[in-house]
Amino acid sequence: MSKLYDAILGLAIGDALGVPYEFKQRGSFICADMVGYGTHNQPEGTWSDDTSMTIATLDSLKSNNGIIITEDICRRFNYWLLYGDYTVNGEVFDAGITTCTALKKGKPAVGEWDNGNGSLMRILPLAFVDCTDDEIRAVSAITHGHWISEEACVIYVHVAKRLLAGEPIASIIPTLENKKPFDRLKYINTLDVSQIKSSGYVVDTLEAALWVVSREGDWEKGFRNDILAAVNLGKDTDTVAAVAGGMAGIIYGLEDVHDWVEKLRNKEEIIECLW
């Protein structure tokens, strides 16, 4: 399977695993497998806006020969929000407030309190095409235009590109941004789980996802264990697991999670947008 397949299906698996537990506090549940219902009352294998907006981005890149056209990506986001394109069953659920507001107004949210993870969760496709940092920022700014959200997307795409080039995550982490609010990234792998937040704040999400795939100690590694660890952090479970899942898919592939791949609902919609 291609790395693109592994990364995007990995993202979707993380999303689907996290959907039933979204907003639940760490320690109040244990995710051990892909299940249904829970927070959003969806059948098992249901992915949410994280995957929908990711494959909308992919579809735009595929249709435009890998060229980033923000107006086209935005148009596809609106098709998703208004008409249920790129969804499991034509139904939009769990769409972020900042994302919805930005798409309806036709301009990004740029306030300091608008730094949710709604652009980070969908930015991974840019790791598979030639792009500049300014292009990454522009794709973030379709909805999330504050510099913190944009920079989080730049960092994530750079990490993904380096993973695709075969660089180990352990060698990537110490080289990451060291300026606030990203100053913990360069040693995130050394932190205890108690020091990791998993809220919808974009920096928390980026930290949590990077911690999951790089954590040190006696953790059992591999795609399955990493993504379960991401969900079990609690709170914004689907997005943390989706962001981690994209990286873990590149690192490990999906050989040990064929059962989860098979459980994904309407995975044909996802695969159709790959190249």
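Only heavy atoms go into these numbers, but all of them, side chains included; no hydrogens, no water, no symmetry mates.
- Annotation for P108 and G145: closest pair CB-N, 3.9 Å, computed over non-hydrogen atoms.
- Cluster annotation: L233 is not connected to F23 through the hydrophobic network of ILVMFWY side chains, with a link wherever side-chain heavy atoms come within less than 4.5 Å.
- For the 3.5 Å distance criterion, the side chains of D114 and H146 fail to qualify, holding no donor opposite an acceptor.
- Taking the six-membered ring where the residue is Trp, F29 and Y21 present parallel rings, their angle staying beneath 30° rather than reaching 60°.
- Counting only residues at least two apart or in different chains, side-chain hydrogen bond (donor to acceptor under 3.5 Å, both in side chains) contacts with residues 89-100 are absent.
- Side-chain polar atoms of S149 and N115 form a donor-acceptor pair below 3.5 angstrom.
- Of the possible polar contacts, none joining the D204 side chain to the G200 backbone as a donor-acceptor pair under 3.5 Å is found.
- Partners of W260 by ring-ring contact (aromatic ring centres under 6.0 Å, His included), not counting sequence neighbours: none found.
- The side-chain hydrogen bond (donor to acceptor under 3.5 Å, both in side chains) search around D133 returns H158, not counting sequence neighbours.
- Salt bridge K62/D59: absent, no basic N to carboxylate O contact under 4.0 Å.
- Put simply, the side chain of S52 gets close to the backbone of Y86: a donor and an acceptor are under 3.5 Å apart.
- Side chains of D192 and S194: a donor on one and an acceptor on the other come within 3.5 Å.
- With a 6.0 Å radius and a threshold of 12 heavy atoms from other residues, nucleotides or ligands, D259 has its CG atom above the threshold.
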